[in-house]
There are 2 protein chains.
Amino acid sequence: MDSAVAREQALDAAETLFYGRGIQSVGMDDIRGTSGVSLKRLYQLFPAKEHLVVAYLERRDIRWRQRLAEYVDGDVHADGAGHAGGHEDPRRRVLAVFDWLGRWFREPGFRGCAWINSYGELGATSEPVAGQVRAHKRAFKEYLAGLVGDAGLPAELSEQLYLLAEGAMVTAAVEQSAEPAARAGRAARILVDSYGATAGD
Amino acid sequence: MDSAVAREQALDAAETLFYGRGIQSVGMDDIRGTSGVSLKRLYQLFPAKEHLVVAYLERRDIRWRQRLAEYVDGDVHADGAGHAGGHEDPRRRVLAVFDWLGRWFREPGFRGCAWINSYGELGATSEPVAGQVRAHKRAFKEYLAGLVGDAGLPAELSEQLYLLAEGAMVTAAVEQSAEPAARAGRAARILVDSYGATAGD
DNA sequence: TCGGGCTGAGAACGTGCGTTCTCCGCGGTG
DNA sequence: CACCGCGGAGAACGCACGTTCTCAGCCCGA
């Protein structure tokens, strides 16, 4: 009954390989080799490669948003001076998103946003994958909107910050640099201050 | 001696098909069918599919930047009230980039940024393609930097506007909407005004 | 101990596709 | 008119890969 275990192992392999090399260049046999899960079992768990791709994106979405939220909530900290309670100032919480992007970009093996990459690769040919990408982006955007709303700032700002974040992800991938996160953060601060001056909380 | 013609026809087909359906899902035979150029000739002109992909990105890069520059220079106008001379105020020229993005997003068949899509698809497996993407993005960024510099505004602003533009492209693709261009333009205006107030020309 | 169903290993199958080869007609030179 | 080389059409080749099948081993109940 370790089919739950096999599933996780398959998804671990899928995540490593799909994210690292792209989806189309990874064969089901590679998944089997990396995961140790036999082809037969793989096809029991995921009736087609596309299902595995969708499941990979789904699981990554949950974890990605969780890690972001944990950082914003201040549960995780390692930036020099440790401050105890985490981010409580609602505007600081908004800007913390960009700090977290910088951490993400610096992780070894960072190769851009898995959803943007998948969309470029399969958005035109696989509706389920395109749907998964849209769902993830919508969720991220709504999370941002929540943070911005909590700070008493308008929805328009949250949309603009979203664009900055997306631009930073793409650029960090193409330039293979974490710098775009900091630049986006500085731009975000200007926008927040600008909106905050007219409609502060 | 119409091998120049054959080359253009091949590139026309490549652009239509690669951009519309993604690169990997288009076969050389599709290129042949659409272009009317025989396989033999195709392989004379482009010794491998990868060469065709690179040539497609190269030609599109030139045209894309040309169309952008033409719009910014004010040679092309159709937005309600026609004004004669084009964009001469250097700050207006900067913001015109975002107007142009909106026009681009609204073109029939728009499917996002060809380079970002290609990067997601082949960035991990094809160094020539990845290089082409980096070259295009660098050129766009430098163009923006020129506009910003001409307006007497700092380089940091240009980097931030670049991130907004990239975010708008990705988001317009995923959401299949032209709205991100306008949003990015409004954010850009705030940033320009912000930098312009402290270091205006 | 016997038998049946599940599992893993891996062969096999079918297809798609990048690339090359074959064949045939045609246009220009002695 | 004979010859030669080039171009087009498309068959052929080789390989990769998604998916399925075969077969042998093993765990379980009677």
Side-chain angles (χ1 to χ4, degrees), chain A residues 1-57 117-118 121-130 132, chain B residues 1-57 118 120-130 132:
Chain A
M1 209 51 51
D2 50 7
S3 82
V5 175
R7 194 186 155 86
E8 287 305 297
Q9 284 174 329
L11 288 173
D12 289 345
E15 182 148 12
T16 305
L17 296 175
F18 288 159
Y19 181 70
R21 315 208 310 242
I23 293 167
Q24 315 224 49
S25 78
V26 171
M28 290 300 277
D29 217 59
D30 297 325
I31 301 283
R32 161 182 139 175
T34 302
S35 67
V37 176
S38 75
L39 273 178
K40 190 169 181 182
R41 207 113 136 107
L42 277 179
Y43 275 91
Q44 283 174 337
L45 295 164
F46 308 97
K49 187 183 183 182
E50 192 176 56
H51 291 239
L52 179 58
V53 174
V54 168
Y56 141 65
L57 291 175
N117 291 346
S118 302
E121 208 173 335
L122 298 172
T125 52
S126 165
E127 192 41 51
V129 169
Q132 217 27 248
Chain B
M1 208 51 54
D2 50 6
S3 82
V5 176
R7 194 188 155 86
E8 287 306 297
Q9 284 173 330
L11 288 173
D12 289 346
E15 182 148 12
T16 305
L17 297 175
F18 288 158
Y19 181 68
R21 318 207 311 241
I23 293 167
Q24 315 224 46
S25 78
V26 172
M28 290 300 276
D29 216 60
D30 297 326
I31 301 284
R32 162 184 140 176
T34 301
S35 68
V37 177
S38 75
L39 273 177
K40 192 172 181 178
R41 209 111 135 101
L42 277 178
Y43 275 92
Q44 283 174 338
L45 296 164
F46 309 96
K49 187 182 183 183
E50 191 175 58
H51 291 239
L52 179 58
V53 174
V54 168
Y56 141 65
L57 291 175
S118 302
E121 208 172 335
L122 298 173
T125 52
S126 165
E127 192 41 51
V129 170
Q132 221 19 253

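All figures in this text were calculated on a predicted structure; none of them were measured in a lab.
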Taking only nitrogen or oxygen atoms into account, show me every contact under 3.5 Å that the protein makes with nucleotides 9-14 of chain C, one pair per line with its distance.
from	atom 1	to	atom 2	distance (Å)
C:dG10	N7	A:R32	NH1	3.2

How many angstroms lie between atom CD1 of A:I31 and atom CD of A:E15, to the nearest 0.5 angstrom?
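Answer rounded to 0.5 Å: 11.0 Å.
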
Can you tell me how far apart NZ (A:K40) and CZ (A:R32) are? Round to the nearest 0.5 Å.
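Between atom NZ of A:K40 and atom CZ of A:R32 there are 12.5 Å.
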
What's the [atom1]-[atom2] distance between [X] and [N], to the nearest Å?
X     : N      : atom1 : atom2 : value
B:Q24 : D:dA16 : CD    : C1'   : 13 Å
B:I31 : C:dC17 : CD1   : P     : 12 Å
B:R7  : D:dG7  : CZ    : P     : 16 Å
A:M28 : C:dT15 : CE    : P     : 19 Å
B:L42 : D:dG7  : CG    : P     : 13 Å
A:E50 : D:dT19 : CD    : P     : 9 Å
B:L45 : D:dG8  : CG    : C1'   : 14 Å
B:F46 : C:dG18 : CZ    : C1'   : 16 Å

Treating B:E121 as the side-chain partner and B:I23 as the backbone partner, does any N or O pair qualify as donor plus acceptor under 3.5 Å?
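Checking the backbone N and O of B:I23 against the side chain of B:E121, a donor-acceptor pair under 3.5 Å is found.
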
What's the closest nucleotide to the side chain of B:Q44 if the choices are D:dT19, D:dG7, C:dT7?
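Of the candidates, D:dG7 comes closest.
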
Shortest side-chain distance from B:R41, nucleotide among C:dT19, D:dG8, D:dT19:
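Nearest to the side chain of B:R41 among the choices is D:dG8.
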
Is [Y] close to [X] at the side-chain level, that is, under 4.5 Å between some pair of heavy atoms?
X      : Y     : value
A:S118 : A:V53 : no
A:L122 : A:Q24 : yes
B:Y56  : B:L17 : no

